[in-house]
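Working notes for the structure below.
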Amino acid sequence: MNWETVIGLEIHVQLSTRSKIFSGASCEYGAEANTQACAVDLGLPGVLPVINEAAIRSAIKFGLAIGADIAEKSVFARKNYFYPDLPKGYQISQFELPVVSGGQVEIQLDDGSQRTINVTRAHLEEDAGKSVHEGFGNSTGIDLNRAGTPLIEIVSEPELRSAEEAVAYMKKIHTLVRYLDISDGNMQEGSFRCDANVSIRRKGEEKLGTRAELKNINSFKFVEQAIEIEIERQIEILEDGGKVVQETRLYDPGNNETRSMRSKEEANDYRYFPDPDLLPVAITKEDIETIRSQLPELPDALRARFMNELDLSEYDSNVLSANKDVTDFFQTTLALARDAKLCANWIMGELSAALNKENKEINESPVSAERLGALIQRIKDGTLSNKTAKQVFEIMWTSEDSPDSIIEAQGLQQLTDSSEIEKFVDSVINDNPQQLEQYRNSPIEKRGKLIGFFVGQVMKNSGGKANPQEVNRLLKEKLES
Ligand code: ADP
Ligand code: MG
């Protein structure tokens, strides 16, 4: 039987505002438990929420970046449920009139194909607190620092067709919010997490199958694994003649399985209604245009520009536009070294290998973009060969010295003076009469290969410093004569 997978994602993105969405308490991560929840976050009697304008601007930025409609009038609603980490008994969210409706996201897949995924909506809401189980014996601790932290929840249409597509979509949203500088996207700290709704149906069937909702997944790898394993589970049920029940499930990475959390019968009826404490938000056309004019260049545009203007391959362009830190690094290096391909090669090659080895992110690189740019300049102007440049790079990795002072201290300048190179060439020819004879007795088409021996010797004797073009030119001249 041929099954088709249907996935819709709800992604929660924590906005990096200084204060909470309806109060002045700090959103800084990592503070001592319950030191950053004020009377508003606790829902104490007599307090009133006040909307944080920065959170609305962030939501508008996101909406504009995906070509969505921005509501002129947007409304906050109470989503009512009981949970120990929700002191008010309701979460302030949006229901009928979210800030952002519609919009599209382009995703690139491994086979080089591209798809457009429609976004249903993105709404603003407050986060809840956190239950803490460690260190409380049989009890549960509650930390309310996170209560009231601003989130946008981005809901996709059920258009994703595989775990790979879901991950590509999630990565694209992650890239976007970081480019827009509206979230740090830190997945370990829970600033970027998603619920994956998964169902299957027979190929060709129009009606959607019954879905399971996989809650709160906070890594790309887990999203992929959770969806894969859930698809397998559902196929098995249907092929055995059973029925998938609509329910919320949790992914357990340790056992690589999903487990039922609550079924639909236990599902909450949230009884949404407009929050009487908050006025509707009026967003003017001027507000929208001002924010639009401040948008940075976005990954899709950058990717296209890298391909068209800088003549980089699609692969290089994808890599260099997928992560804002990498893009910034590349652009800074390029501004100094002015050779896109060479910069791309160094960043994706030598630099990335060195970072991987030490498990470092590019923004922690001991060799800054400026220093790498200065190094690449020295390759461009002929001071260094690629080989000696790698030696300099290694030294730069563990020292603060500039490439120029390292080149000077190590005497690594490339030898470009012909008469100097000629001495190396002559001595190699003199020292290897046998190879010389072999060369001269060979037909022209074989000589190209044989010359490699002489080039290698000259490079070795000159400590890798002789300019390879000049070595080749001189060798040809002398061997042929
Ligand atoms: P809720 O989770 O609050 O019930 P929705 O019903 O609007 O909200 O759906 C939330 C997400 O589930 C959306 O991303 C949507 O695309 C996706 N979705 C809805 N139905 C299905 C389905 N049958 N299979 C897979 N995804 C679905
Ligand atoms: Mg949901």
Side-chain angles (χ1 to χ4, degrees), residues 3-13 62 66 68 77-81 83 86 90-105 107 115-128 151-174 192-217 223-224 226-235 237-238 243-251 258 260-273:
W3 299 99
E4 179 175 57
T5 304
V6 176
I7 303 160
L9 294 188
E10 299 163 89
I11 300 179
H12 289 91
V13 180
F62 176 77
I66 61 164
R78 290 187 183 180
K79 178 178 178 178
N80 300 282
Y81 66 93
Y83 206 74
L86 190 75
Y90 60 86
Q91 176 194 26
I92 306 178
S93 180
Q94 298 198 291
F95 189 56
E96 278 178 342
L97 294 167
V99 179
V100 174
S101 306
Q104 280 101 34
V105 174
I107 56 170
R115 276 200 69 203
T116 303
I117 305 301
N118 287 292
V119 170
T120 315
R121 57 190 263 143
H123 61 255
L124 279 163
E125 62 184 24
E126 60 178 345
D127 209 343
L151 305 176
I152 46 173
E153 177 176 336
I154 304 159
V155 183
S156 85
E157 288 291 302
E159 293 178 349
L160 299 154
R161 291 288 173 266
S162 65
E164 188 205 349
E165 289 189 6
V167 172
Y169 168 83
M170 195 176 167
K171 283 190 174 162
K172 197 56 179 275
I173 300 276
H174 189 253
F192 192 91
R193 51 193 200 260
C194 101
D195 303 339
N197 296 269
V198 181
S199 67
I200 57 169
R201 62 182 171 192
R202 288 197 166 81
K203 281 224 169 100
E205 175 76 58
E206 292 234 340
K207 199 166 158 278
L208 293 177
T210 307
R211 70 181 148 129
E213 183 171 359
L214 311 175
K215 274 283 181 199
N216 250 328
I217 316 179
V223 168
E224 181 160 11
I227 292 173
E228 298 281 10
I229 204 75
E230 177 59 19
I231 295 169
E232 272 181 38
R233 188 187 71 90
Q234 293 186 12
I235 291 178
I237 292 175
L238 294 184
K243 276 201 165 122
V244 173
V245 288
Q246 182 167 344
E247 62 184 351
T248 305
R249 299 180 71 85
L250 261 193
Y251 177 62
T258 65
S260 181
M261 214 171 121
R262 54 178 186 260
S263 68
K264 198 189 175 189
E265 291 77 64
E266 301 163 57
N268 299 292
D269 177 357
Y270 295 121
R271 296 179 187 269
Y272 281 98
F273 64 88

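Remember, it's 1-based here, ligands and their atoms both numbered in the order they're listed. Throughout, numbering of the chain's residues begins at 1 and tracks the sequence. Just so we're clear, the structure is a prediction, and the values are computed from it rather than from any experiment.
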Taking only heavy atoms of [X], which atoms of ligand 1 are found under 4.0 Å from at least one of them?
X	result
Ser156	13 (C), 14 (O), 15 (C), 16 (O)
Gly8	14 (O), 16 (O), 17 (C), 26 (N)
Val155	13 (C), 14 (O)

Worksheet item: Can you tell which of Gly209, Ala212, Pro158, Cys194 gets a heavy atom nearest to atom 23 (N) of ligand 1?
Response: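 Looking at heavy atoms only, Gly209 sits closest to atom 23 (N) of ligand 1.
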Worksheet item: Counting heavy atoms only, which of Arg121, Gln246, Arg211 comes nearest to atom 1 (P) of ligand 1?
Response: Arg211
Practice prompt. Determine whether the side chain, the backbone, both or neither of Glu157 has a heavy atom under 4.0 Å from any heavy atom of ligand 1.
Written response: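 The backbone, only.
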Practice prompt. Report the part of Leu9 in contact with ligand 1, treating N, CA, C, O as backbone and CB onward as side chain, heavy atoms under 4.0 Å; options are side chain, backbone, both, neither.
Written response: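 Leu9 to ligand 1: backbone contact only, side chain stays beyond 4.0 Å.
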Discussion item. Can you classify the ring geometry of Tyr270 versus Tyr81 as parallel (below 30°), tilted (30 to 60°) or perpendicular (above 60°)?
Written reply: perpendicular
Worksheet item: Are Lys203 and Glu4 close enough for a salt bridge, meaning some N to O gap below 4.0 Å?
Response: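 A salt bridge is absent here (no side-chain N lies under 4.0 Å from a carboxylate O).
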Discussion item. Between Thr248 and Glu213, do the side chains contain a donor N or O and an acceptor N or O under 3.5 Å apart?
Written reply: no
Worksheet entry | Pair Arg271-Asn80, side-chain donor/acceptor within less than 3.5 Å |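 On atom types as modelled, these side chains do not qualify, holding no pair under 3.5 Å.
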Discussion item. Test side-chain contact (heavy atoms from CB on, under 4.5 Å) on Tyr251 and Val223; report intermediate values, then the result.
Written reply: CA-CA 9 Å; Tyr251 177 62; Val223 168; over 6 Å; no
Worksheet item: Which heavy atom of Gln234 sits nearest a heavy atom of Ile200, and at what distance?
Response: OE1-N, 3.4 Å
